[in-house]
Protein chains: 2
Amino acid sequence: MVKETDNLRQNPPRERPLDALDRKILGALARDASVSYAELGKDVGLSAPAVHERVKRLRRAGAIEKTMAQLNGAAVGKHFLAFVHVESSGWGKTKEVFELGELPEVEEIHSITGDSSLILKVRVENAQAMEGFLWRLYHKTGVRGTHTYVVLNTHMERGVQAEITHELTEGEHVK
Amino acid sequence: MVKETDNLRQNPPRERPLDALDRKILGALARDASVSYAELGKDVGLSAPAVHERVKRLRRAGAIEKTMAQLNGAAVGKHFLAFVHVESSGWGKTKEVFELGELPEVEEIHSITGDSSLILKVRVENAQAMEGFLWRLYHKTGVRGTHTYVVLNTHMERGVQAEITHELTEGEHVK
DNA sequence: TTCATTTGCCGAATGTTGTTCTGCATTTTT
DNA sequence: AAAAATGCAGAACAACATTCGGCAAATGAA
């Protein structure tokens with residue numbers, strides 16, 4: 001008789017450390033996720049189903065978070081980009097600032113040097129909208145001060161790349 | 001007889017200012033580009049071919065730059081994120097810094113407040129790799145100084161959103 | 001070592017989806 | 001008012017994703 005557990009794994013699948021093929025696939029998909037599995041397979045030297053299975057695994061493992069359309073800020077009417085450094089007082093007070101993350105204008109929120117300092121990436125229509133945003137920001141409790149760096153020109157903007165420059169960790173620069 | 005110009009437009013297609021349906025489509029694709037045109041059509045109230053045509057137009061217009069896979073930094077071995085402010089001297093000297101954009105660790109390069117100050121978004125394996133990167137950066141001519149903000153925790157990170165908060169420009173905060 | 005299990009892959013078959021085409025109604029232009 | 005262009009829906013087609021079965025290599029246990 002067939003036991004109910006026959007189809008279950010004894011051990012959870014151990015995470016594999018991303019071989020060269022995985023990285024090639026990730027790199028290609030990070031550049032353009034609209035390629036077919038057949039084309040992708042020819043690039044890395046695999047069949048379409050094989051690539052498909054690897055992509056599914058990379059998805060499950062979280063290496064691929066999602067596939068999204070990259071929009072042009074100006075084309076959607078957002079001509080004003082800035083990085084806002086926020087200096088907040090006390091712990092746990094930054095939670096209020098996080099509420100601003102509900103605004104579609106806020107694209108990134110990072111904690112830096114402790115829990116009381118933040119970097120925000122904000123893209124708005126124009127300078128007036130930026131002022132409106134900063135007004136909202138100032139009125140959050142715990143915000144002691146901000147510093148806004150207005151972007152005049154974006155020379156490059158892309159997502160996480162799969163490739164790694166190993167020379168950076170080789171430390172050949174140490175005398 | 002059919003003239004050769006019969007299939008050519010007299011006037012180039014005038015750019016349309018993104019109606020509500022376009023913005024809905026862009027918003028959906030920015031969140032998840034793997035939806036089918038049929039589903040997308042049900043959301044916005046159009047047929048699949050109609051949505052397809054709009055997406056093609058949005059692509060041609062540049063509103064959709066590309067569709068890409070969003071990778072997880074830690075999953076690809078990059079556990080260290082930082083924003084590097086670069087103070088460079090003179091004009092045109094920043095061109096050397098742009099060469100660092102060839103490194104897959106550099107994700108963004110923005111000019112701020114003039115041509116002599118930059119913000120870099122850099123994601124590397126670890127602190128040692130960060131040191132290696134900064135070493136390279138320092139040896140570019142024109143780099144007078146840098147300030148690195150190490151990210152301890154990323155609370156949000158997403159691409160350009162299609163939605164716009166019109167309250168920000170209404171100026172109701174002006175007394 | 002030897003056997004059993006798992007893993008990763010391929011080729012073929014299937015189903016879903018993207019894409020094109022035709023026609024129609026509406027809008028815009030001349 | 002006539003003519004051209006636009007945007008959309010339904011149907012037909014082509015391409016692709018996805019599943020399946022089988023095989024060989026790698027892995028783990030005895």
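Each chain gets a letter, A, B and so on, in the order its sequence line appears, and its residues count up from 1.
Contact check for Met130(A) versus Asn126(A): no side-chain heavy atoms found under the 4.5 Å cut-off. Between Val97(A) and Ser88(A) there is no side-chain heavy-atom pair separated by less than 4.5 Å.
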**Asked** Should Glu96(A) and Thr141(A) be marked as a side chain to side chain donor-acceptor pair (under 3.5 Å) after you check the CA-CA gap, both sets of side-chain angles, and the distance that decides it?
**Response** CA-CA 7 Å; Glu96(A) 280 216 32; Thr141(A) 66; 2.5 Å; yes
**Request:** Show the numbers, then the answer: is there a side chain to side chain contact (heavy atoms under 4.5 Å, CB included) between Val44(B) and Ile25(B)?
**Result:** CA-CA 7 Å; Val44(B) 303; Ile25(B) 292 173; 4.1 Å; yes
**Request:** Please report the C-alpha distance between Arg136(A) and Leu100(A) in whole Å, then the side-chain angles of each, then the deciding distance to 0.1 Å, and finally whether the side chain to side chain contact (heavy atoms under 4.5 Å, CB included) criterion is met.
**Result:** CA-CA 8 Å; Arg136(A) 286 204 185 188; Leu100(A) 288 174; 4.3 Å; yes
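A straight line from CG of Leu18(A) to P of dG8(C) spans 13 Å, rounded to a whole angstrom. In this structure, NZ of Lys42(A) is placed 14 Å from P of dC10(C), rounded to the nearest angstrom. Rounded to an integer number of Å, the gap from CG of Leu58(A) to P of dG8(C) is 11 Å. Distance Leu46(A) CG to dA17(D) C1': 16 Å, rounded to the nearest Å. Distance, Asp19(B) CG to dT27(C) P: 15 Å, rounded to whole Å.
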If you restrict it to nitrogen or oxygen atoms, what contacts under 3.5 Å exist between nucleotides 21-26 of chain D and the protein, and what is each distance?
none

Review item, nucleotides 14-17 of chain C N/O atoms under 3.5 Å of protein N/O:
none

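Checking each of Glu157(A), Glu108(A), His110(A) against Lys121(B) for a side chain to side chain donor-acceptor pair (under 3.5 Å) leaves exactly one that passes, namely Glu108(A).
Taking the six-membered ring where tryptophan is involved, the planes of His155(A) and Phe98(B) are tilted, since the angle between them lies from 30° to 60°.
Over its length, the helix from dT1(C)-dA30(D) to dT30(C)-dA1(D) turns its helix axis by 50°, as judged from the five terminal pairs at each end, rounded to 10°.
If you check dC9(C), dT20(C), dC8(D) against the side chain of Ala50(B), the one that comes closest is dC8(D). Between dC10(C), dA11(D), dG7(D), one nucleotide has an atom nearer to the side chain of Arg54(B) than all others, and that is dG7(D). The listed nucleotides are dA11(D), dT19(D), dC8(D); the one nearest the side chain of Pro49(B) is dA11(D).
Residues from residues 20-34 of chain A that place a heavy atom under 4.0 Å from any atom of DNA chain D: there are none. For residues 62-70 of chain B, proximity to DNA chain D is found at no residue, defined as any non-hydrogen atom under 4.0 angstrom from a strand atom.
In this structure, Arg23(A) contributes its side chain and Val76(B) its backbone to a donor-acceptor pair below 3.5 Å. Side-chain atoms of Glu105(A) never come within 3.5 Å of backbone atoms of Phe133(A) as a donor-acceptor pair (strictly under, hydrogens ignored). In this structure, Ser36(A) contributes its side chain and Glu39(A) its backbone to a donor-acceptor pair below 3.5 Å. Between the side chain of Arg158(B) and the backbone N or O of Val106(A), at least one donor-acceptor pair lies under 3.5 Å.
In this structure, His147(B) has its ring center at least 6.0 angstrom away from the ring center of Phe83(B). Aromatic rings from Tyr149(B) and His85(A) are positioned such that their centres are separated by under 6.0 Å.
Heavy atoms only, all atoms of each residue included: Ala63(B) and Ala75(A) are closest at CA-CB, 3.5 Å. The two residues Gly101(A) and Ile109(A) make their nearest non-hydrogen contact at CA-CD1, 4.0 Å.
Within the 4.0 Å cut-off from OP1 or OP2 of dG8(C), not a single side-chain nitrogen or oxygen of Lys56(A) is found. Of the side-chain N and O atoms in Arg57(B), none sit less than 4.0 angstrom from OP1 or OP2 of dT6(D). Close to dG18(C), at under 4.0 Å from its OP1 or OP2, lies no side-chain N or O of His52(B).
Taking the nucleotide of DNA chain D with the nearest heavy atom to each of Glu53(A) and Ala38(A), the more 5' of the two is matched to Ala38(A).
The pair Asp19(B)-Arg54(B) meets the salt-bridge criterion, with a side-chain N (NZ, NE, NH1 or NH2) lying under 4.0 Å from an Asp/Glu carboxylate O.
Here Met68(A) is tied into one hydrophobic group with Met68(B), each link being a pair of ILVMFWY side chains closer than 4.5 Å.
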